[in-house]
> 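Following this message is one structure expressed as C-alpha cells.
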Amino acid sequence: YDLLQPPSVSVSPGQTATINCSGDNLGDKFISWYQQKAGQSPLLVFYGDHGRPSAIPERFSASTSGNTATLTIRETQALDEADYYCQAWDAAGLFGGGTKLTVL
Amino acid sequence: QVQLVESGGGVVHPGKSLRLSCVVSGFTFSRYDMHWVRQAPGKGLEWVAIISSDGTNQLYADAVRGRYTISRDNSQNTLFLQMNGLRFDDTAVYYCARDATGYAYRYYFDFWGPGTVVTVSP
C-alpha cells in the first residue's frame with residue numbers, strides 16, 4: 001500500500017497551500033500529517049478529521065475525500081516552509097514520500 | 001513536559017550490531033505504545049517498529065523483520081531497538097515516537113525525540 005504525495009508545492013505568502021496525499025480507499029483510513037523543518041524532528045500538525053494539537057495554528061486543517069487526503073494551510077507564512085508528510089496505518093505504518101512546501 | 005531522547009547511534013560496519021535507547025519523561029511510559037521511525041539521508045520517513053505498552057506485542061516493517069528487535073523497560077522509562085545484521089541501507093536518523101492512541105489502524109505519533117544517527121559504512 002502506497003501513499004502518494006507531490007514532491008513539491010509552492011505558494012505565495014498569505015495565500016492558501018494545499019498538499020495532497022492519495023491512496024486506495026484512503027477515506028477508510030485514519031490520516032495524520034507531520035511538518036518537518038530542516039534539521040528538526042517531525043511535528044504532528046493534524047490528525048483525523050478534526051484533530052489539531054494545541055500548539056498548531058488554526059490556519060492548519062485537513063480533510064479526506066475518496067482516495068485523497070488534503071492538508072490545507074491558510075494565510076501561509078514563511079515559517080510554514082517545511083517538508084510535510086501524510087501518514088496512515090495498513091497492517092504497518094505508512095508514510096507518504098513527503099512534499100516540500102516553498103513559500104515565495 | 002513530554003521528552004524523548006534517543007542515544008546509541010554511531011558508525012558500524014555492515015553485518016554488525018547496534019542497540020539504540022530512548023529515555024522518556026513527562027508522561028506515564030507504561031501506558032503508551034511506542035514506535036521507532038527512521039529517515040535515510042535526504043529521504044522521507046519510514047516506520048520501523050511498534051511495541052505495545054506492556055511490551056508483549058511487537059510489529060515490524062518488512063525491511064527490518066528478523067534483524068531488529070524492539071523492547072522496553074517500563075521500570076526505567078526506556079525504549080530499545082536492537083539492530084543486528086546491519087546493512088548500508090539501514091543508514092538513517094532513528095527517531096523514537098510516542099503513539100497517540102493505542103488503537104490499531106489509528107496509530108499516529110504525537111511526540112518525537114530529536115533522533116540518533118546510525119551510519120553503516122565499510
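Here is the naming used below: chain letters follow the sequence lines, and residue numbers restart at 1 for every chain. All values below were derived from every heavy atom in this structure, side-chain atoms included, with hydrogens, water molecules and symmetry-related copies excluded.
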> OG1/A/Thr76 to CZ/A/Arg59 distance, rounded to the nearest 0.5 angstrom?
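Between A/Thr76 OG1 and A/Arg59 CZ, I get 6.5 Å after rounding to 0.5 Å.
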> As an exercise, state the distance from CG of B/Leu86 to CG of B/Leu18, rounded to the nearest 0.5 Å.
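It is 6.5 Å, given to the nearest 0.5 Å.
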> Does any backbone or side-chain atom of A/Gln40 lie under 4.5 Å from a heavy atom of chain B? Answer side chain, backbone, both or neither.
backbone
> Using non-hydrogen atoms only, which part of B/Glu46 is less than 4.5 Å away from chain A: side chain, backbone, both, or neither?
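The answer is the backbone of B/Glu46.
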> What is the ring orientation for B/Phe27 with B/Tyr32, classed by angle as parallel under 30°, tilted 30 to 60°, or perpendicular over 60°?
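The arrangement is perpendicular - the two ring planes meet at more than 60°.
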> Can you tell me which residue among B/Trp112, B/Tyr107, B/Phe111 is in a ring pair (Phe, Tyr, Trp, His ring centres under 6.0 Å) with B/His35?
B/Tyr107
> Where does B/Phe109 contact chain A at under 4.5 Å (heavy atoms): side chain, backbone, both or neither?
both
> Against chain B, label A/Ala88 side chain, backbone, both or neither, depending on which of its atoms sit under 4.5 Å from a heavy atom there.
neither
> Which atoms of A/Pro42 are under 4.5 Å from chain B, going by heavy atoms: the side chain, the backbone, both sets, or neither?
both
> Given that the side chain runs from C-beta out, which part of B/Leu45 has a heavy atom under 4.5 Å from chain A: side chain, backbone, both or neither?
both
> Between B/Tyr108 and A/Tyr47, how do the two ring planes meet: parallel, tilted or perpendicular, split at 30° and 60°?
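Parallel: the ring planes of B/Tyr108 and A/Tyr47 meet at under 30°.
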> What part of B/Val37 gets within 4.5 angstrom of chain A, counting heavy atoms only: side chain, backbone, both, or neither?
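Interface part for B/Val37: side chain.
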> Establish, yes or no, whether the cationic atom of A/Arg52 lies under 6.0 Å from the six-membered ring centre of A/Phe60 and within 45° of the ring axis.
no
